[in-house]
Each structure stands twice: as structure tokens, then as C-alpha cells.
Amino acid sequence: MPSTRRQVLQIGGTTILSALAGCATANPFGSKKSPSEYTLSVESIDVSPVEHALYEPDGGALFGTPARNALDDILPDGRHTTYGYKPLPSDAYVTHDGSYYQTKHVVTGRTKMERQLVRVDPVPKEQVPDDAVLIDTLERPSARVLKILHSYTQTDGESTAGLLREDAYVLRRPAERESRLATGDLDGRVVTMTESGTWAYRVHVTRKQIVETAYTALAISVADSRSQFREVVFGSRIDTELAPAKLAGAARELLNEAVARETYTETAPISDAFDTVLEALGLGAVDTAANGKLLWYDEEFYRYGLYINPPSS
């Protein structure tokens with residue numbers, strides 16, 4: 001029978017104590033390490049698993065409008081092609097006329113087309129002109145692009161490189177292609193991230209022929225009724241389905257306490273009841289953290305996770 005987390009901790013602690021028998025437990029400076037702390041969070045979700053699983057585009061023009069247009073085209077059995085970006089999340093569940101579908105994307109080729117590319121160059125604070133544009137005065141399609149380029153510059157390309165083509169952002173979405181960046185209004189202007197002029201950049205917008213990947217979205221039918229779709233959701237999205245009767249008394253009381261308080265914490269070595277709960281929730285092998293998991297417990301819906309705070313001296 002495999003060792004539980006509690007057993008591993010106990011065995012490991014015994015082995016270490018035996019190996020260090022006769023040695024001081026404190027470090028040379030006299031301090032001792034505090035034990036690891038395990039915090040289980042359990043947050044109630046106020047909608048049903050079915051409603052939670054369904055995707056609904058936001059109301060904005062940048063992401064919402066392309067998503068709604070794509071859904072109009074693909075439901076129930078159409079196609080929608082975009083170039084260089086996907087207007088919908090892949091594997092999202094959507095509903096149409098009482099049936100349920102999952103969105104998919106397939107690559108259907110490549111096309112050479114003219115695009116506008118945005119780059120920025122840092123400007124020293126003392127050289128920021130009086131007519132510099134504050135980032136907060138821009139609408140989202142322009143502001144988001146410049147914030148991405150700002151983050152890319154400040155982290156030497158480590159934080160947002162996946163959103164860029166080399167060092168440039170390509171304007172692809174309809175709202176981006178109609179923004180102040182696309183019209184040329186900001187080309188050559190200085191934009192600042194703060195009112196004080198800290199983190200200022202000169203904007204450069206160029207046009208270039210580039211090869212764009214063609215992404216075609218479609219919808220796959222997964223259920224013809226709400227009851228059928230519920231089974232789809234429980235099979236694909238619910239991480240743990242648990243009845244109170246499946247837990248021993250102490251473990252059940254502990255989980256009920258975590259549900260009531262939305263959090264529960266123990267320090268290592270953790271109790272048998274806590275170890276049982278973590279195993280039942282699929283968290284027994286977590287080393288540092290696990291978040292955003294979904295639980296159906298006692299006919300109620302929850303989001304849960306585990307955070308392990310390592311020993312500190």
C-alpha cells in the first residue's frame with residue numbers, strides 16, 4: 001500500500017532525526033525552521049456546474065465582438081476563419097437552440113497579407129515632451145498593445161514574448177485595426193505609463209507583408225439536452241465528485257469546517273483526517289500549490305485549491 005503524505009512526512013522526519021542524533025537542531029545562528037504550512041481553500045460557486053461551464057463572450061469590442069461574430073457563423077454547423085489569431089477559446093462549451101457544442105480550431109493554411117506592426121523605444125524621463133500621451137487616456141485596443149510592449153521592454157522580453165512577433169505587436173483584431181495606433185495618430189508620439197513621465201516610450205507603427213496562419217473555428221455537437229450536457233460537464237470539468245458518506249467521521253467534519261470557513265490550515269506533520277481529505281480531493285501529490293479545481297460535494301458546487309508554505313527559518 002503506498003505511503004500517504006502524512007506517513008512520508010513522519011518517516012522522513014524520523015530518518016532525519018536519527019541521522020542527526022547528537023547534533024544540534026538549530027542552525028549556527030541559533031534559529032529553528034518553522035514547519036511547512038498546508039492551507040486548503042474551498043470557495044462556493046453560486047451558479048450550477050452547467051452554467052459555470054458555458055462560455056459567453058464579454059461585451060467589449062476587442063475580444064467580445066470577434067467572438068460573437070464567430071459564434072454566429074459556426075453555430076450550429078458553420079465555419080469561421082481568422083488570420084493570425086483565434087477569436088474564440090478552444091474547447092469552450094456553448095449552447096444554441098437547446099443543444100450544446102464545443103468550440104474547436106483547426107489550421108487551414110497560411111496567407112501573406114499586409115499588417116501594421118507596433119514597436120516602442122524607451123524615452124528618458126527628462127526628454128518626455130509636454131504633449132506626451134498618458135496611457136490611461138487611451139481606449140483599450142491601443143492601451144493594451146502599449147502595455148504589452150512596456151512589459152516586454154521592462155522584462156527584456158521574458159514576460160510577453162508569446163504575444164509579439166519578435167519585438168513588435170501585430171494589429172490583427174478588428175478593434176485594433178480601427179484604433180488610434182492603426183490610424184497613425186500615435187505614430188511618432190511619446191506615451192507615458194505614469195503622470196510623472198516614468199516609463200515613457202516613443203511609438204513606431206509600420207506596415208509590412210507577413211505570413212499569417214489561417215485558423216478556422218467550428219463547433220462540435222456534444223449534447224442534445226441539458227441533462228445530457230450535465231453529464232458532459234461532470235465528465236470533463238469537475239475534478240472531484242464527493243459525497244459526505246464516503247469520508248470517515250473526522251475527515252468529513254474537517255472538510256465541512258473548510259467549506260464553512262472557506263479555508264483550513266494545518267502545519268506538518270498533518271493529521272490523518274487532513275491527509276484523508278487531501279487524498280479524496282486529488283491533492284495528495286501536490287508539492288507547492290494547486291488552484292482552480294472544481295468540486296461537487298454534498299450537492300453543492302465549489303472551487304478549491306491547496307497552498308503549501310515551505311519551512312522558513
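Every value quoted in this text rests on a predicted model; they were computed, and no experiment measured them.
- Distance check: Leu294 CG to Tyr304 OH gives 8.0 Å after rounding to the nearest 0.5 Å.
- Note that CZ of Arg172 and CD of Glu212 are 4.0 Å apart. Values are rounded to the nearest 0.5 Å.
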Just list the side-chain donor-acceptor pairs under 3.5 Å for residues 75-84, sequence neighbours left out, or say none.
| unit_1 | atom_1 | unit_2 | atom_2 | d |
| --- | --- | --- | --- | --- |
| His80 | ND1 | Asp73 | OD2 | 2.7 |
| Thr81 | OG1 | Thr216 | OG1 | 2.8 |
| Thr82 | OG1 | Tyr85 | O | 2.6 |

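- Between Asp167 and Arg119, at least one side-chain nitrogen of the basic residue sits less than 4.0 Å from a carboxylate oxygen of the acidic one, meeting the salt-bridge criterion.
- Here the CZ-CG distance, from Arg180 to Asp187, works out to 12.5 Å after rounding to the nearest 0.5 Å.
- Only one option out of Ile308, Leu306, Thr265 pairs with Thr39 in a side chain to side chain contact (heavy atoms under 4.5 Å, CB included); it is Thr265.
- We find the CD1-NE2 distance between Ile74 and His105 to be 7.5 Å, quoted to the nearest 0.5 Å.
- Between Arg303 and Glu262 no salt bridge is recorded (no basic side-chain N to carboxylate O distance below 4.0 Å).
- Applying the side-chain contact (heavy atoms from CB on, under 4.5 Å) rule to Thr288 yields no partners; only residues at least two apart in sequence or on another chain are considered.
- We find the OH-CD distance between Tyr302 and Glu43 to be 11.5 Å, quoted to the nearest 0.5 Å.
- Arg237 forms no cation-pi arrangement with Trp296, by the criterion of a distance under 6.0 Å to the ring centre and an angle within 45° of the ring axis.
- Taking the six-membered ring where the residue is Trp, the centroids of Tyr93 and Phe229 are separated by under 6.0 Å.
- In this structure, Tyr264 has its ring center closer than 6.0 angstrom to the ring center of Phe274.
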